[in-house]
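To start, the structure under review is shown below, and the notes come after it.
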Amino acid sequence: MVPADQGGGVMRADLLTETVDGLDEALAAVDSFDEALVVGLLRPHAVRDTGLTELAGAVAGTPLAAVVTEAADKAVAGAASEDHLVALAAARTALFGSVHDALTARVEEAIGRPRAQESIAAPVGRPAGNLLTAARSWLSDLARCGWQGIDHDVVAGAAPVVSAMLPDPALRRLATLLDGFAAELAASCPGSALGRVPVRRWADLWSRAMVLTVPGAADVPVTGTATGRLLPLGVDVQEHATAVQAQVHGVFEPADGAAPRLVRAGVSVPKPDTVVGAGLWQLLRPHMSLLTAVSEARSMDLTDMPVTAEGDLIWNDAQARTGGPADALATARVAMSTATAFPAAPLDRHPSRIAVPVFLEGYGAQKDDGGLSFTVAGHRLAVDTDRIPTAGPLTPEAVAASRACVGLLRWDAGAFTVQPLAVETTVRKKPVAVHAGAWAGGTTDKAGAKAEKAATDAAAVLRERAGRLLRK
């Protein structure tokens with residue numbers, strides 16, 4: 001089979017559909033342990049014992065083997081300490097890390113992009129603080145009673161811990177995770193009445209939070225600065241009832257002539273649940289001038305912008321200024337194939353975190369009962385239309401009619417999918433680019449302008465009500 005030429009790179013779509021050695025076995029061990037968390041680690045049960053045994057077996061031959069085997073044996077005997085539960089969470093995290101690495105290697109082989117050679121050092125251990133110990137204690141109680149054994153009394157134990165953590169910036173990452181996790185659990189109490197348990201999601205949240213109680217694990221060191229030109233590729237918008245995040249993916253060209261790198265810049269803000277659609281940009285826009293540059297298809301010139309070892313720019317408007325025109329599709333065609341990605345931090349090596357910028361061209365789009373898909377070099381690649389935000393003009397219909405696409409390659413439910421960020425389609429026999437972030441800096445589009453006005457009205461009402469409350 002001859003691979004399809006994808007604008008200067010090569011997309012081996014066949015590799016994205018082939019089996020990855022050891023993947024199914026690793027995921028099976030994780031699933032078995034996750035079922036043990038459903039019934040609870042304190043309650044004698046065949047499902048619990050099997051899950052613990054399979055988790056320990058999956059890390060046999062690794063540096064974790066001895067400590068995880070001991071932890072599993074103690075848990076089977078009903079005598080696992082908090083440190084033992086941390087070891088079990090670490091083993092589950094390590095298994096997902098191996099899955100992430102195998103899938104990432106497959107993606108790099110499929111798209112032919114050079115691989116980053118550097119690695120990120122593990123955090124340096126420090127003495128545990130009282131709040132981290134308290135968080136670990138609550139998480140241990142959850143694991144012992146299991147999702148089927150949760151009640152409001154157990155879940156309420158998180159509230160004082162979260163309240164004490166939030167004022168400390170160093171603990172805010174874990175505090176936010178615990179707060180959201182506790183809210184989900186509280187909405188599902190009592191666990192004994194649950195008809196359906198979100199098994200993997202809750203196990204993901206539990207294991208991540210448990211590992212973050214290890215002193216230093218939540219540290220995100222800024223390891224350098226970036227000076228050069230940033231060429232945006234697109235915006236990924238993630239919306240929750242009370243918060244919204246916009247993450248800009250782009251190609252950074254260093255001023256010193258070094259090789260280009262793939263980077264990200266994100267902004268997150270709280271939001272009222274009445275602000276939706278294009279109104280979200282009103283909340284995000286004041287915090288990041290980059291959003292306006294995206295909507296205007298312009299580059300940004302950066303000067304000493306802090307950047308983490310993972311390639312996340314710690315955005316500061318004072319260290320950026322708007323540059324010249326920079327079309328995302330042109331950037332993808334010309335610059336993206338030679339740009340290397342930064343490595344993932346140890347705790348971020350999870351398949352759900354895979355979001356690799358790719359450029360596709362010359363594909364065929366099909367829509368059937370299974371949803372929308374692209375046929376690339378004779379192989380079908382599912383399109384995740386659910387991730388297309390309503391805060392922009394990009395629609396599933398525009399994607400289906402497209403002939404070129406800048407997107408994020410993701411892995412979900414056992415298969416690779418592509419999340420469109422921008423597409424090129426034909427309108428009245430002329431090529432037209434449609435971007436998910438086209439309204440980020442403002443819009444004259446009728447639908448976008450209407451949503452912006454509605455958001456303005458909603459924000460004004462909320463400010464007026466808040467003012468009245470403060471005056472009382």
(Q) Going by the rule salt bridge (charged side-chain N to carboxylate O under 4.0 Å, His left out), which residues pair with D386 if we only count those two or more places apart in sequence or in a different chain? (A) none
Q: Identify the two heavy atoms, one from P260 and one from T338, that lie closest to each other, and give their separation to 0.1 Å.
A: CG-OG1, 3.8 Å
Q: Would you confirm whether R298, through its side chain, and P325, through its main-chain N or O, come within 3.5 Å as a donor-acceptor pair?
A: no
(Q) Under the rule for side chain to side chain donor-acceptor pair (under 3.5 Å), what residues qualify as partners of T292, not counting sequence neighbours? (A) none
**Q.** Qualifying residues under side chain to side chain contact (heavy atoms under 4.5 Å, CB included), relative to A326, sequence neighbours excluded
**A.** L231, S299
(Q) Heavy-atom count check: over 12 atoms from other residues, nucleotides or ligands less than 6.0 Å from H287 NE2? (A) yes
(Q) Taking G364's backbone N and O only, do any of them form a donor-acceptor pair with Q366's side chain (distance below 3.5 Å, no angle check)? (A) yes
Q | Evaluation steps, side chain to side chain donor-acceptor pair (under 3.5 Å), between D317 and S289 | A | CA-CA 6 Å; D317 277 348; S289 59; 2.7 Å; yes
Q: Give a yes or no answer on whether the side chain of R106 reaches the backbone of E18 with a donor-acceptor pair at less than 3.5 Å.
A: yes
Q: Identify, with sequence neighbours excluded, every residue that meets salt bridge (charged side-chain N to carboxylate O under 4.0 Å, His left out) alongside D204.
A: R92
Q. Run the side-chain contact (heavy atoms from CB on, under 4.5 Å) check on L103 and L23 step by step: do they pass?
A. CA-CA 9 Å; L103 292 172; L23 184 71; 4.2 Å; yes
Q: Identify, with sequence neighbours excluded, every residue that meets side chain to side chain contact (heavy atoms under 4.5 Å, CB included) alongside P431.
A: R403, E424
Q: Of all the heavy-atom pairs spanning P357 and L262, show the shortest one and how long it is.
A: CD-CD1, 4.2 Å
Q: Under the ring-ring contact (aromatic ring centres under 6.0 Å, His included) rule, collect the residues that match up with H350, sequence neighbours excluded.
A: F96
Q: Carefully, step by step, assess M336 and R113 under the rule side-chain contact (heavy atoms from CB on, under 4.5 Å).
A: CA-CA 9 Å; M336 194 167 67; R113 186 172 295 153; 3.6 Å; yes
Q) For W281 and A440, which heavy atoms make the closest approach, and how far apart are they? A) CD2-CA, 3.4 Å
Q) Under 3.5 Å, side chain of R172 to main-chain N/O of L166, donor-acceptor pair present? A) yes
Q. What residues form a side chain to side chain contact (heavy atoms under 4.5 Å, CB included) with L194, not counting sequence neighbours?
A. S188, V197, W202
**Q.** Non-hydrogen atoms of A246 and L284 that approach each other most closely
**A.** CB-CD1, 3.8 Å
Q. Under the salt bridge (charged side-chain N to carboxylate O under 4.0 Å, His left out) test, which residues partner R321, sequence neighbours left out?
A. D301
Q: Only pairs at least two apart or in different chains count here, so list each side chain to side chain donor-acceptor pair (under 3.5 Å) that has a residue in residues 156-165.
A: none
(Q) For R410, give me all partners under salt bridge (charged side-chain N to carboxylate O under 4.0 Å, His left out), at least two apart in sequence or on another chain. (A) D236
Q: Begin with the C-alpha distance, continue with both residues' side-chain angles, and end with the deciding distance and a verdict on side-chain contact (heavy atoms from CB on, under 4.5 Å) for V107 and F416.
A: CA-CA 9 Å; V107 169; F416 284 103; 3.3 Å; yes
Q. Would you say the side-chain atoms of R136 pair up with the backbone N or O of T213, donor to acceptor, closer than 3.5 Å?
A. yes
(Q) Main chain of L139, side chain of W206: is a donor-acceptor contact present, judged purely on distance under 3.5 Å? (A) yes
Q: Give the minimum heavy-atom separation between M300 and A320, together with the two atoms involved.
A: CE-CB, 3.7 Å
Q. Is it true that D348 and R208 have a side-chain N and a carboxylate O under 4.0 angstrom from each other?
A. yes
Q. Where do A203 and D34 come nearest, in terms of heavy atoms and distance?
A. CB-OD1, 3.2 Å
Q.
With a sphere of 6.0 Å drawn around CG of D368, does it hold more than 12 non-hydrogen atoms of other residues, nucleotides or ligands?
A. yes
Q: Begin with the C-alpha distance, continue with both residues' side-chain angles, and end with the deciding distance and a verdict on side-chain contact (heavy atoms from CB on, under 4.5 Å) for L230 and L290.
A: CA-CA 9 Å; L230 176 62; L290 177 59; 4.0 Å; yes
(Q) Between R380 and S373, is the side chain to side chain donor-acceptor pair (under 3.5 Å) condition met? List the steps. (A) CA-CA 6 Å; R380 295 187 67 171; S373 64; 2.7 Å; yes
Q | For Q319, side chain to side chain contact (heavy atoms under 4.5 Å, CB included) partners two or more places apart | A | D304, M305, P306, N316
Q | Those residues that, when tested against F252, pass ring-ring contact (aromatic ring centres under 6.0 Å, His included) (two or more places apart) | A | none
